[in-house]
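Note on naming: letters A, B, ... go to the chains in the order of the sequence lines (proteins, then strands), and numbering restarts at 1 for each one.
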Protein chains: 2
Amino acid sequence: MTAKKTSLKDLSDYLGLSQTTVSRGLADYPEVAARTKTRIRQAAAELNYAPSSSAQKLATGRALAIGHVITLSDHMTLNPFYADFIAGAGETYADSGYDMLISMVSRDKELETYRALTNSQKVDGFVLSEPVPDDPRIALLQELAIPFIVHGRTSASISTPSDYSWLDVNNKRGFETATRYLLELGHRQIALINGPDWLSFAQRRKAGFEAALLDCGVTCPEAWIFATDMSERKGFEIASQLLQQRQRPTAILCSSMLLALGVQRAMHSQGLQIGADISLICWDDCLSAFDNQTTPPQFTSMRSSIFDAGAMVAECLLAQIESPTTLLHARILEAELVKGQSTGPVKS
Amino acid sequence: MTAKKTSLKDLSDYLGLSQTTVSRGLADYPEVAARTKTRIRQAAAELNYAPSSSAQKLATGRALAIGHVITLSDHMTLNPFYADFIAGAGETYADSGYDMLISMVSRDKELETYRALTNSQKVDGFVLSEPVPDDPRIALLQELAIPFIVHGRTSASISTPSDYSWLDVNNKRGFETATRYLLELGHRQIALINGPDWLSFAQRRKAGFEAALLDCGVTCPEAWIFATDMSERKGFEIASQLLQQRQRPTAILCSSMLLALGVQRAMHSQGLQIGADISLICWDDCLSAFDNQTTPPQFTSMRSSIFDAGAMVAECLLAQIESPTTLLHARILEAELVKGQSTGPVKS
DNA sequence: CGGAAAATTGAAAGCGGTTTCAATTGACGT
DNA sequence: ACGTCAATTGAAACCGCTTTCAATTTTCCG
């Protein structure tokens, strides 16, 4: 019943043309007569022809695919930020005819996976996420000489030219701005619930937080700075503990909306009014599952769409792949302070 | 500097053997002498040889890849459930040497994408998610004669043999059990906040809910049954409205923990105590970002790990691909009722 | 030691495209 | 009608691996 897949040969036989001409016709080469092209296209559609991707890859050497290697941590957690990021990137790939290859591996197989994907030529490039300072993946990919781009960056300052491509949001300035805003509102007792402290972005946010405080001569006890997984539950647990102390903060800065939801729950369960009793600002990645887009928004936040970031990262990478002469990309995005209902002047 | 990728030919030349033997040696064919094999392996490691995947695909006809086509809906939302599901499947693929190919496309390009991936032989099979009754994707894939498995199922009852493979959780029984539990606690005014009503799983959950009610002669006003996107915000909005009615439910059943979090926020903001004033049961997919695993759990829920489901689905599909004689898989999982802090006897 | 059977290894034909270089066809000017 | 040059089309090599079938080498026994 189901005839075998039609190959180029089938198609050319059917048309009474050579494979060469048909191949060219489909690729829209100028030297093929217009009439022939139409004929070819029509026959292709008729026979439902699609070139075998592997044959194409073999012949051209291009895989037309981008790799994302995701490490499932110990608790097998795939964070929702990554999901939105991937969605953004994926859309761009699809629009450009690229495929997205995702490898879920444990951390100990991570480097090996990059190497294998590269050697077997399954992908034309990689996107790295969640860089850590001095990330070994970067060194490896440079050695393998395969194009890649980092979402985030390791440790270089913005102005230092780096030897790899990256696109990052200005985490430091973002939290500096947020902190300043709290300070303007009169807050002096501010706690920070940050992401895992080995990640570069978390380090930068903390730096921004501290810079703003320092600038105003305000200090924050070490015990009020938390580095944690960014889950609702952690937000709840940390805030619950924080709010029971005799001396408690009048404002809290969270590295994600998930954490903020947890904090909110803790506040509610202790009968505290968000915005009135305690102010809260969170980073808002504009995740589709947590939209903070009501007017006014539920949370005052530093907003920067991670979906859009995914799309931009993908674009840069593809540009780099398609024209190898392209210089490295290094780009910083600014997050926007969005005033919502979760902040207010400090209670006197 | 970076030498060209080593090919099989390079390797065999280096060893003074034929490509045939080297190829066989690497694939561990029995007819290759043990000593030769070791020599080959060693040289391969030395030269950092990895076969070109496209050449391999071309020669064997197997892509060693599974496709997941994800449609970004109008709001470009990628739901977090899917992320966990994918993670589970991805892990299985990686363990079996398969790649995961993800295509993010708009809904109108969906079918076309399945067709293209199949025709270009980029994948050996597909995993479908979120089936709708009479899903056109199923018909298409059957026509294309490519292996696939559905997470969920269309409309057949459990016992009816279906003409495609699927793995589903018993949504109907799950919500029937949950509803019964609420009834046992004395609740008679129960509202349902369900997922989008065109999705099969939502229809089944609703059926379970109604079956349990009917069984006890309890009725639920149509206005208390909601079909909605499963986001925190929707949960909040719906519950806010629901709780302001003069006659309000004493218990609420939610199709996801995300919705439950929103409901919880609405209750808090109206000064209601969850579990005491109003009981709440939600479906818990064990998403990594929302763990409900404290003891006792925050929410009473019907629990069934979607990560595990992803892994199981992947296993079934791979089995089907590797031995085409394998019969279709059709398997149902039961969700577990986990009693948490969000339910209590009805207030009299 | 001779020869058949068993163990290894190789040559070459695909797999299904792309691309180089040559061949054919057609148009045009004289 | 004929030569010339541009416009089209083809033949065949090649991409890197698998696999069929044949060739070669060993091993084993009478």
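The nearest whole Å value for the distance from the CG atom in A:Asp13 to the P atom in C:dG16 is 13 Å. For the pair A:Leu17 CG and C:dG17 P, the interatomic distance rounds to 15 Å; values are reported in whole Å. Atom P of nucleotide C:dG16 and atom CG of A:Asp10 are separated by 8 Å, given to the nearest angstrom. Between the NZ atom of B:Lys9 and the P atom of C:dA11 there is a distance of 11 Å, given to the nearest Å. In this structure, A:Asp28 places its CG atom 16 Å from C1' of C:dT18, rounding to the nearest Å. We find that CG of A:Leu26 is positioned 16 Å from P of C:dG16, with the value rounded to whole Å.
A sub-4.0 Å separation between OP1 or OP2 of C:dT20 and a side-chain N or O of A:Tyr29 is absent.
Distances were taken from every side-chain heavy atom of A:Arg24 (C-beta onward) to each of C:dT20, C:dA11, C:dG17; the shortest belongs to C:dT20. In this structure, of C:dG16, C:dA12, C:dC15, it is C:dA12 that holds the atom nearest to the side chain of B:Thr20.
Backbone-only engagement by A:Gln56 is indicated by non-hydrogen atom pairs under 4.0 Å involving sugar-phosphate atoms exclusively. Within 4.0 Å (heavy atoms only), A:Gly16 reaches sugar-phosphate atoms of the nucleic acid but no base atom. Residue B:Thr36 is classed as a sugar-phosphate contact, given heavy-atom separations below 4.0 Å to backbone atoms only.
Nearest heavy-atom pair across A:Leu11 and A:Leu26 is CD2-CD1, 4.3 Å. The shortest non-hydrogen separation linking B:Leu117 to B:Ser120 is O-OG, 3.6 Å.
Taking CD of B:Gln56 as the start and CG of B:Leu64 as the end, the distance is 7.5 Å to the nearest 0.5 Å.
Taking the six-membered ring for Trp and the full ring otherwise, the centers of A:His151 and A:Phe81 sit at least 6.0 Å from each other.
In the 5' to 3' direction, nucleotides of DNA chain D lying under 4.0 Å from heavy atoms of chain B begin and end at D:dG16 to D:dC21.
Counting only N and O atoms by type, the side chains of A:Ser288 and A:Asp84 include a donor and acceptor under 3.5 Å apart.
By the 4.0 Å N-to-carboxylate-O rule, A:Glu110 lies close enough to A:Arg107 to be salt-bridged with it. Ion pair B:Asp99/B:Lys122 not flagged as a salt bridge, since none of the NZ, NE, NH1 or NH2 atoms sits closer than 4.0 Å to an Asp/Glu carboxylate oxygen.
With DNA chain C read from its 5' end, the first of the two nearest nucleotides for B:Glu31 and A:Ala27 is the one closest to B:Glu31. Place A:Ala34 and A:Gln19 on DNA chain D by their nearest nucleotides, and A:Ala34 ends up nearer the 5' end.
Aromatic ring pairs are classed by plane angle as parallel below 30°, tilted from 30° to 60° and perpendicular above 60°; the pair B:Tyr164 and B:Phe148 is parallel.
DNA chain C lies under 4.0 Å from no heavy atom of any residue of residues 37-46 of chain B.
Side-chain atoms of B:Arg137 come within 3.5 Å of backbone N or O of B:Ser129 as a donor-acceptor pair.
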